[in-house]
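Working notes for the structure below.
The structure presented is a predicted model; accordingly, all values stated were derived computationally and were not measured. We name chains A, B, ... by the order of the sequence lines, and we start the count at 1 in each one.
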2 protein chains.
Amino acid sequence: MAEYSPARYVVLGLIARHGAMTPYELKARVEDDIQPFWPILHAQLYRIPPELAQAGLLREEAETTGRRRRIFHLTDAGRAALARWLADPDTPEAETRDPAQLKLFFADLGDPSDIVALANRQAARHRTWLAHYTSLRADLAPAEDSRQRSRARLLRLGVLHERAHAEFWESIAADPEQLDDPVSRPPSRPSP
Amino acid sequence: MAEYSPARYVVLGLIARHGAMTPYELKARVEDDIQPFWPILHAQLYRIPPELAQAGLLREEAETTGRRRRIFHLTDAGRAALARWLADPDTPEAETRDPAQLKLFFADLGDPSDIVALANRQAARHRTWLAHYTSLRADLAPAEDSRQRSRARLLRLGVLHERAHAEFWESIAADPEQLDDPVSRPPSRPSP
DNA sequence: GAAGGTATGGTCTCAATGAGACCGTGTCAA
DNA sequence: TTGACACGGTCTCATTGAGACCATACCTTC
């Protein structure tokens, strides 16, 4: 029942929340907030708004002088389409593409030492993201408005996600042969 | 430094592990084992092997009668390319595309009740995957060969991942306004 | 006040992937 | 003997990926 691709709703949603914008500004906001759960290339953010304007969901206001910026406003049709999408709880499955998991899956075909190097890199990477999300959460004003809460919720999931992955890769690095089974024990509490 | 796309290495890896195969068999194995961390459309699995044969990494053996199957064998060059890829610990970032997180992010622009319906669906979905991975793990022979361990490791990550997400969405469903902060408390231990 | 760096703002192209329609062959059971 | 179903594959069109390329404005520093 989704009428448009998710990236289209990202554009509608950001304009609905922050007001009329140029593709350039969309790009910055996507990079800041949305990249972690829906990556969009910058070129897409120049392709999509004109297309949505064509469909009547946005209205373009073009500068003809200087930087010739293209500013896109939300129309009532756009707002309605966004509301319909938000009201539909039936979403497609999430997709993950993780080359590191791929390498781990095929690790038995390579040298046993590869796995340790891989796991160390991955653990460091996930720890970095974890620290990043944690600090963003700390900076977040404990404001009671619903926008802050939206952001806070997603940051919380980011923290849970990165923590789980960081701990996983650390356990692989520590015990590449995986002779015991750390999954049944609670995280962060190594057995005595 | 990756010479080929990850999907190419999936093909090489599966043939390296299980021996020469048809695209049809590749399709089945990808669906069973690889889909969760690297989705590949079935059409891709008919496009990629001929291309890798062109590059000398596979060798095609075509039936000319009956079902006219195309069986692809790994060459020494293919085995070497796979080993080089596995030995490189420097992998691209993982990418996630989760429409549900997108809807949650923009939830403040919709009706407050949407969020509960969304969260309930997501919680159920992740619980289902969690049960699936858990049962696959239980069925896994505790064999000491490295192939079984590869599979077991990934299933463990799957379990951790689905558990984190299931608990997250359950907490959203239970408390959509998110007035408290469940992240600092250990999972599965609701406060008194 | 000219030179260069950087942020702003955007267009374009080619390749690759996504999404799925469509088409045959063999096997087995009713 | 025909229909269902698993097997095995090809094809096409639209969308996205990846990144090169271009121009304007501002800001510093020599």
| field | Atom-pair distance (CD on A/Glu61; C1' on C/dG9), nearest Å | value | 15 Å
| message | Return whichever of B/Glu95 or B/Ile71 has its heavy-atom-nearest nucleotide of DNA chain D closer to the 5' end. | response | B/Ile71
| field | Stretch residues 42-52 of chain A: residues that reach within less than 4.0 Å of DNA chain C through a heavy atom | value | A/His42, A/Ala43, A/Tyr46, A/Arg47
| note | A/Leu41 atom CG is separated from C/dG18 atom P, nearest whole Å, by 13 Å
| Does the distance from a Lys or Arg side-chain N to an Asp or Glu carboxylate O, for B/Glu61 and B/Arg69, drop under 4.0 Å? | no
| Ion pair present between A/Arg8 and A/Glu3, side-chain N to carboxylate O less than 4.0 angstrom? | no
| Any side-chain donor near an acceptor of the partner, A/Gln148 and A/Arg151, under 3.5 Å | no
| field | salt_bridge(B/Arg97, B/Glu95) N-O dist < 4.0 Å | value | yes
| query | Salt bridge or not for B/Asp90 and A/Arg121, using N-O below 4.0 Å? | reply | yes
| field | B/Asp76 atom CG, neighbour heavy-atom count above 12 within 6.0 Å | value | no
| task | Could you check how far CH2 of B/Trp38 sits from P of C/dA16, rounded to whole Å? | result | 15 Å
| message | For a quick test of reading the model: is some side-chain N or O of B/Arg97 closer than 4.0 Å to OP1 or OP2 of C/dG18? | response | no
| note | A/Ser5 has its side chain closest, among C/dG10, D/dG9, D/dT16, to D/dT16
| query | Which word best sums up how the rings of A/His126 and A/His165 line up, parallel for under 30°, tilted for 30 to 60°, or perpendicular for over 60°? | reply | tilted
| note | Numerically ordered, the residues 19-34 of chain A set in heavy-atom contact under 4.0 Å with DNA chain C is A/Thr22, A/Pro23, A/Tyr24
| said: Check A/Glu162 with A/Arg127, please: is the shortest side-chain N to carboxylate O separation under 4.0 Å? | reply: no
| Is the Lys NZ or Arg CZ of B/Arg17 less than 6.0 Å from the centre of A/Phe105's six-membered ring, within 45° of the axis? | yes
| Can you check the A/Tyr4 OH to D/dA14 P distance for me, whole Å? | 17 Å
| Phosphate contact (D/dC7 OP1 or OP2) by B/Arg70 side-chain N/O below 4.0 Å | no
| Atom-to-atom span, CD of A/Gln54 to C1' of D/dT15 - whole angstrom | 17 Å
| query | CZ of A/Arg69 versus C1' of D/dC22: gap in Å, rounded? | reply | 18 Å
